[in-house]
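One-based numbering, in listed order, for ligands and for the atoms of each. Side chains are part of it too, since the values below use all heavy atoms of this structure and drop only hydrogens, waters and symmetry mates.
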Amino acid sequence: MKQSDLLNHGSIKEALSPNSIEHISKLIVLDEVDSTNSLLIRELNEGNGPVLVCVAKQQTAGRGRSGKVWHSPLSKNIYLSLSWEYKVPSNKIEGLSLAIGIVILNVLADFGYSNLKLKWPNDILYDGAKLAGILVELIGDSRSSLRIITGIGINISMSVTAGSAIGRPWTDLSSIRGQSPPSRNELLAMLINRLIDFFAFYPEKGFVCWQNSWNARDSCIGKNIQIVSNNQIQTGISRGVDSNGRLILETPEDLLYITAGDVSLRECAK
Ligand code: BTN
């Protein structure tokens, strides 16, 4: 591993924008943690925040959506969490977790990775294989404030052995371009900068500003899909997302508007 690719507090901080520096209460860089999201939840519950950032070299209990495990070996991946606090009604942040997918795609495109796709609600794919995932969690009393923890896992360089535990097709940045991936410190700083700009304006703009970009990068639009929820399967054609980020499923009878939550989408690949 090149020296420049070792996760380093100073190198990340150096590449943060003045706006990010101004917002971030604490930047935590760890060798190991159970889960960067869980750590931020503990920090927030202890009264720290509101804007905390945690990155780790490995996670011993990395968490994915719907209670799944996020395999987080010590390799050259990214495990990042960032917290934010809003004092707006929750309907103002509908679709936020989907829009974060676009923020990540835009950052990766700036590093030369342009053919990436989204799979509703939160997967980032390359050629049908999962490259990155997003886990957004809310804590606290949503009537007075919304505290949001956004966790992002991006496979940068993962050995076949380390990835063998993942029970689905996966890829990493190293395999996509067949050349050295970007420095993680630079990539992390860019992600943090863009996320902070994004969070500052999201409620003002809303998902409607992201809807077209999202649908343009949707890997499933126009394809047959299955939505699985509580062991029930609904089949139809994906018509992309609406202005609130709900998935539009065209069934023979009706158009259904599906909200994320504990729903998973099957059957759509590239
Ligand atoms: C998914 O696709 O299921 C979401 C994966 C989210 C993984 C990231 S890694 C950093 C943060 N900490 C966690 O425990 N999970 C998220």
Please work out, at 4.0 Å between heavy atoms, whether the side chain, the backbone, both, or neither of Lys68 comes within that distance of ligand 1. neither
Please work out, at 4.0 Å between heavy atoms, whether the side chain, the backbone, both, or neither of Asn122 comes within that distance of ligand 1.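 Neither part.
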Assess whether a salt bridge exists between [X] and [Y], defined as any Lys/Arg side-chain N lying under 4.0 Å from an Asp/Glu carboxylate O.
X	Y	answer
Asp172	Lys130	no
Arg42	Asp34	yes
Glu85	Lys87	yes

Let me check something: do Leu27 and Tyr79 share a hydrophobic cluster, defined by ILVMFWY side-chain heavy atoms less than 4.5 Å apart, either directly or through other members?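 Looking at the clustering, Tyr79 is in a separate group from Leu27.
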Side chains of Cys54 and Leu30, heavy atoms from C-beta outward: is any pair under 4.5 Å? yes
Starting from [atom], what is the nearest protein heavy atom, named by residue and atom, and what distance separates them?
atom	value
atom 10 (C) of ligand 1	Thr36 OG1, 3.2 Å
atom 12 (N) of ligand 1	Gln59 OE1, 2.9 Å
atom 2 (O) of ligand 1	Lys130 NZ, 2.6 Å
atom 6 (C) of ligand 1	Arg63 O, 3.6 Å

Considering distance alone, does some N or O of [X] sit under 3.5 Å from an N or O of ligand 1?
X	result
Trp70	no
Arg65	yes
Tyr79	no

For ligand 1, which atoms sit closer than 4.0 Å to a heavy atom of [X]?
X	answer
Gly153	7 (C), 8 (C), 9 (S)
Ser81	11 (C)
Leu80	10 (C)
Ile134	2 (O), 4 (C)
Gly62	14 (O)
Gly64	1 (C), 3 (O), 4 (C), 5 (C)
Ile152	8 (C), 9 (S), 10 (C)

Residue pairs involving residues 216-249 (criterion ring pair (Phe, Tyr, Trp, His ring centres under 6.0 Å); sequence neighbours excluded):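 Sorted result for residues 216-249: empty, none.
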Residue list, ring-ring contact (aromatic ring centres under 6.0 Å, His included) with His23, at least two apart or on another chain: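 Expected list: Trp84.
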Taking atom CD of Gln232 as the centre, report whether more than 12 heavy atoms of other residues, nucleotides or ligands fall under 6.0 Å from it.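 Atom CD in Gln232 is not packed in, count stays at 12 or less.
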Could you grab the distance from atom CD1 of Ile176 to atom CG of Asn155, nearest 0.5 Å is fine?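 Spacing of CD1 (Ile176) from CG (Asn155) equals 9.0 Å.
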So, the side chain of Asn8 versus the backbone of Gly10: is there a donor-acceptor pair under 3.5 Å, distance only? yes
